[in-house]
Peer 1: 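Below is the structure I would like to discuss, written out as structure tokens.
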Amino acid sequence: MTNSHQPDTAAVSAAERLYTVLAAIPAGTVVTYGQLAALAGFPRRARWVGQMLQRLPEGSRLPWHRVINAQGRSSFPPASPAYARQLQLLRAEGVVISPSGRIALQRHGLN
DNA sequence: TTCGTGACCTAGC
DNA sequence: AGCTAGGCCACGA
């Protein structure tokens, strides 16, 4: 970082906050992009969350699969490998998913 | 800086 | 239930 102002710091900080919140999402729980953004302190930044997750390295241990859209579905094309992967990971955590791909919302009680 | 794009969201039909 | 249209906001070329 040779110079300039420091918008870098703020950007990193935002990402760190997002990652922290995402890492805190317990297994068997799902959140929407919008919810995650709000939880991280950035309301109306759902698309930004999606962009961040896309840029996420594969080795990351962040539970990206617990993030779904407001429609209650995976945001990947149903035919894509990522789609199947996400659903598999969620089912492995006990999340109920209908044959049409609809993901059951969090039930207060168990878990 | 303007423009195009997107792992989004909500409202309407 | 599914599709469309408009809105939103950040990012990269």
Side-chain angles (χ1 to χ4, degrees):
Chain A
M1 313 14 172
T2 55
N3 53 13
S4 301
H5 323 252
Q6 52 255 28
D8 260 345
T9 313
V12 172
S13 178
E16 290 293 328
R17 214 167 342 164
L18 175 68
Y19 296 152
T20 300
V21 174
L22 176 55
I25 304 299
T29 303
V30 293
V31 294
T32 69
Y33 294 89
Q35 285 174 4
L36 182 56
L39 285 173
F42 305 101
R44 298 308 192 290
R45 303 282 189 282
R47 304 193 83 153
W48 172 72
V49 170
Q51 244 175 320
M52 292 304 286
L53 293 186
Q54 184 170 39
R55 287 175 57 95
L56 208 60
E58 262 194 42
S60 168
R61 283 163 213 70
L62 290 174
W64 58 269
H65 57 281
R66 294 178 194 148
V67 186
I68 64 178
N69 60 35
Q71 313 268 340
R73 305 173 71 16
S74 167
S75 279
F76 291 104
S80 72
Y83 179 85
R85 203 170 310 144
Q86 180 170 27
L87 266 57
Q88 180 186 11
L89 287 168
L90 288 177
R91 283 196 241 256
E93 295 181 352
V95 177
V96 179
I97 306 173
S98 78
S100 65
R102 197 149 190 320
I103 301 169
L105 271 54
Q106 183 71 17
R107 196 178 311 193
H108 56 60
L110 190 69
N111 208 357

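Just so we're clear, the structure is a prediction, and the values are computed from it rather than from any experiment. Letters go in sequence order (proteins before strands), and every chain restarts at 1.
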Peer 1: Nearest whole angstrom, please: distance from the P of C/dC8 to the CD of A/Gln51.
Peer 2: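 Interatomic distance, CD of A/Gln51 to P of C/dC8: 18 Å.
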
Peer 1: Contacts to DNA chain B from residues 31-42 of chain A, heavy-atom cutoff under 4.0 Å, which residues?
Peer 2: A/Thr32, A/Tyr33, A/Gly34

Peer 1: Determine whether a donor-acceptor pair (one donor, one acceptor, N or O, separation below 3.5 Å) exists between the side chain of A/Arg44 and the base of C/dC9.
Peer 2: no

Peer 1: Once side-chain contact (heavy atoms from CB on, under 4.5 Å) is applied, do any residues pair with A/Arg47, and if so which ones, sequence neighbours excluded?
Peer 2: none

Peer 1: Using a strict heavy-atom distance below 4.0 Å, which residues from residues 53-71 of chain A are in contact with DNA chain B?
Peer 2: A/Leu53, A/Gln54, A/Trp64, A/Asn69, A/Ala70, A/Gln71

Peer 1: Within the structure provided, determine whether A/Leu90 and A/Val30 are in side-chain contact (heavy-atom separation under 4.5 Å).
Peer 2: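 A side-chain contact under 4.5 Å exists here.
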
Peer 1: Minimum heavy-atom separation for A/Ala23 to A/Leu62, with atom names?
Peer 2: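 Answer, listing the atom of A/Ala23 first, then A/Leu62: CB-CD2, 3.8 Å.
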
Peer 1: Please evaluate residues A/Phe42 and A/Val49 with respect to the criterion side-chain contact (heavy atoms from CB on, under 4.5 Å), reporting the C-alpha separation (whole Å), side-chain torsions for both, the decisive distance (0.1 Å), and the verdict.
Peer 2: CA-CA 9 Å; A/Phe42 305 101; A/Val49 170; over 6 Å; no

Peer 1: Can you tell me which nucleotide in B/dA7, C/dA10, B/dG6 comes closest to the side chain of A/Arg45?
Peer 2: C/dA10

Peer 1: Determine whether the side chains of A/His65 and A/Gln88 contain a donor N or O and an acceptor N or O closer than 3.5 Å.
Peer 2: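 No, because no side-chain N or O of A/His65 sits under 3.5 Å from a partner of the opposite role on A/Gln88.
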
Peer 1: Nearest 0.5 Å, what's the CG-CE distance between A/Leu36 and A/Met52?
Peer 2: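 Separation between the atoms: 10.5 Å.
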
Peer 1: Between A/Arg73 (CZ) and B/dA7 (P), how many Å, whole number?
Peer 2: 16 Å

Peer 1: Side chain of A/Thr29, backbone of A/Ile25: donor and acceptor closer than 3.5 Å?
Peer 2: no

Peer 1: Quick one: does A/Arg73's side chain have a donor or acceptor within less than 3.5 Å of a partner on A/Ser100's backbone?
Peer 2: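 Here the side-chain-to-backbone pair exists.
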
Peer 1: Please report the distance, rounded to the nearest Å, between CZ in A/Arg47 and P in C/dG6.
Peer 2: 15 Å

